[in-house]
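The structure appears below as structure tokens.
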There are 2 protein chains.
Amino acid sequence: MTGSRSTSADVARRAGVSRATVSYVLNGRTDQSIPANTRDKVLAAARDLGYVPHAASRALRRGTSNLVLLINSGVPWSTNVTDVEDELTALVAASGRSLVVWRRPGADALQGTLANLEPCVAISMDALTSGENRLLATVGVPLVAADLAAPGTGLPADLQIEHLARQGHRRIGYLTTDEPSLQRFATPRTDGILAACVRRGLPEPRIAGVPGGLAVDVAAVAGQLTRWLNGRDPVTAVACFNDLHAAACLAAASDLRIGVPTDLSVIGLDDDIFAPLTRPALTTVRLGPQHFARHLWSLARHHLGEAPGPAAFTPTAHIVERASVTSPSPFPSPKR
Amino acid sequence: MTGSRSTSADVARRAGVSRATVSYVLNGRTDQSIPANTRDKVLAAARDLGYVPHAASRALRRGTSNLVLLINSGVPWSTNVTDVEDELTALVAASGRSLVVWRRPGADALQGTLANLEPCVAISMDALTSGENRLLATVGVPLVAADLAAPGTGLPADLQIEHLARQGHRRIGYLTTDEPSLQRFATPRTDGILAACVRRGLPEPRIAGVPGGLAVDVAAVAGQLTRWLNGRDPVTAVACFNDLHAAACLAAASDLRIGVPTDLSVIGLDDDIFAPLTRPALTTVRLGPQHFARHLWSLARHHLGEAPGPAAFTPTAHIVERASVTSPSPFPSPKR
DNA sequence: GGGATCCACTGACACGTGTCAGTATGTGGA
DNA sequence: TCCACATACTGACACGTGTCAGTGGATCCC
């Protein structure tokens, strides 16, 4: 009933042993011989007092904390980044550490945050500024950034093409984004699309980017669709950078009175939350959250000296078949 | 070139003063008189060495950290919770503290996390378990939970009704969620809808809940729509708990060949990312992120002893007019 | 000249933990 | 009886910081 939180000294007093013994018991050290009797006394005392070790003291003494900082720079990537965060949280928790997500308010805010919390490793999905990199280096926090050129990254794009090809599509358009902050993600995917077409002997896909990250410009998409459909060798299917672009594609098609999937098939990527709610419902590719999270965590464990080398990158992904993709109609309906 | 990070002792040595002086300068204490000359020497030394104070030591000495923990229990609320997180991050950063988001993997994971980081205050958007509440109490971390019964919470619901009423709608359906974890948010909104109708002398709205949180059951929505439209005094407009429900409503209407907005108006809430991409584009209510964030932060500051009393709750919200709401047609088209 | 006052600065302590060297107590062997 | 040795435990230190009491020197007033 002291009102203040109890320390290991309180536990020691209550168990009638020294503080060192308490530390040995609570940290489960095997190199110290501790009879079951004493062990139980300490454990009971700790439980009775609701003892939780003081995070700051522990970090100070050990020289490093148990915190993993995930820097979310707010890149308008996909709304289910949260899936990655969840998976990563679970992985980190399993190692006795804790993952916390920091949404950086600005490029110069990192210093203040590092003065308030010192992680044992930082993970960023996006590229940081050179100043931020230097800062992390001077305070000695290793930084893990996803290797988006790793083999396997092309898998989701490959699945998009495979599904369209299996339905019989050959003339394919690829709708990507021009948003600068997304190029880090967009470029490897575009490469994956190109490689997938080559691998399957398909003609080179038409590739076009539209401005806007989260706020996709529907008018720009509509313009692109008319260009793709009115030339010779019109496109019969469009693969999209993500589900937002796919939804914009559906909206543009609706505005242009182009029937989906009768006149045009559309495939997305991410299986975003709204994908089942579009009409037609969106056929898309679902990435297992493991895709990214396991990759990041294995890199981090390597930096922490717990893994021998960076583990192989084995993404998982599968097609979610809904209603926006069918076989191309042999007699396309007249334009406009 | 030591390789290890520099401490305040290093700064002191380089500036040729004592460690205490360094601390006084760097913390900008006004009760200590320090000539500009010394001050500059210390500042220069700190800059040269890239000194960043050790978070753990500071927290240990001060007895409390500068961390604010936002517990995100993964309630399937809206995809732009991230807006609230961003706003809250900025508010917290302005006070010299740092906000970190913790997505809790399970109800028993909090203890482990509290052993790894000790926040000065915890904020939760959702209700926690009694065990978690007890735990926070024993370690002495104040918990802030949004007061969803605060005056002003009804504003977004009120705006939905106001917009529909202004267009001439009188028979209104309200589509909410039956998801248990969302009732904390859903109930106040339903109350807001009821109050708004009473205030404007509208007939009592028809209220129906559908199962599913993020994955709204479109078939269930379709069932509800046919019931609302086929009885006598058919509904001419549907207000929805959020944009996901509104999108499900549009999908169900499309499946039933009900024209929106010609035969039925639909209004959402949240201005979710996909709202401009539905067809018809969704008319909805946009809550300023301040709505929630400022409320939470003012409560937190009160707990930290920095604000005299909980500040008044002044939500901001406005209608985003797109294409899913018009005036009710005087001669509704035949059913089915 | 001597006491009072102010300025600029410093030495030493405490926060709570993990760990190492060391000590007291038994136990067995010569 | 004496030494060697394992067992069970403890005292004391260090991590880096913020802060308080204190100290030497200069300045001022009478």
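Here is the naming used below: chain letters follow the sequence lines, and residue numbers restart at 1 for every chain.
The side-chain contact (heavy atoms from CB on, under 4.5 Å) search around B/Arg97 returns B/Asn66, B/Val68, B/Val92, B/Ser95, B/Cys120, B/Trp297, B/Leu304, B/Glu306, not counting sequence neighbours. Residues satisfying the side chain to side chain donor-acceptor pair (under 3.5 Å) criterion with A/Asp83, sequence neighbours excluded, are absent altogether. Scanning for side chain to side chain donor-acceptor pair (under 3.5 Å) contacts around B/Ser8 gives B/Arg19, with sequence neighbours left out. For B/Arg103, the side chain to side chain donor-acceptor pair (under 3.5 Å) partners are A/Asp86, not counting sequence neighbours. Checked against side-chain contact (heavy atoms from CB on, under 4.5 Å), A/Ala115 has the following partners two or more places apart in sequence or in another chain: B/Val52, B/Pro53, B/Arg58. Residues passing the side chain to side chain donor-acceptor pair (under 3.5 Å) test with B/Ser181 are B/Glu179, sequence neighbours excluded. Partners of A/Ala59 according to the side-chain contact (heavy atoms from CB on, under 4.5 Å) rule, which considers only residues two or more places apart in sequence or in another chain, are A/Ser65, B/Ala56.
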Within the 4.0 Å limit for protein heavy atoms, which parts of nucleotides 7-16 of chain C are touched? Write it as a string from 5' to 3', B for base, S for sugar-phosphate only, - for none.
SBBBBB-BBB

Nucleic acid footprint by protein, nucleotides 23-29 of chain D - heavy-atom cut-off 4.0 Å, B for base, S for sugar-phosphate alone
-------

Residues 9-17 of chain A side chain polar contacts: donor-acceptor under 3.5 Å, at least two apart:
from    : atom 1 : to      : atom 2 : distance (Å)
A/Asp10 : OD1    : A/Arg13 : NH1    : 3.2
A/Asp10 : OD2    : A/Thr7  : N      : 2.9
A/Arg14 : NH1    : A/Asp48 : OD2    : 2.9

Determine all donor-acceptor pairs shorter than 3.5 Å in which one atom belongs to a side chain in residues 32-39 of chain B; sequence neighbours excluded.
none

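The terminal axes of the helix from C/dG1-D/dC30 to C/dA30-D/dT1, fitted over 5 pairs per end, subtend an angle of 60° to the nearest 10°.
Ion pairing between B/Arg286 and B/Asp270 fails under the 4.0 Å rule for side-chain N and carboxylate O.
As a whole-Å value, the separation of B/Arg29 CZ from D/dT19 C1' is 6 Å. Look at CZ on A/Arg13: it is 13 Å from P on D/dT10, rounded to the nearest Å.
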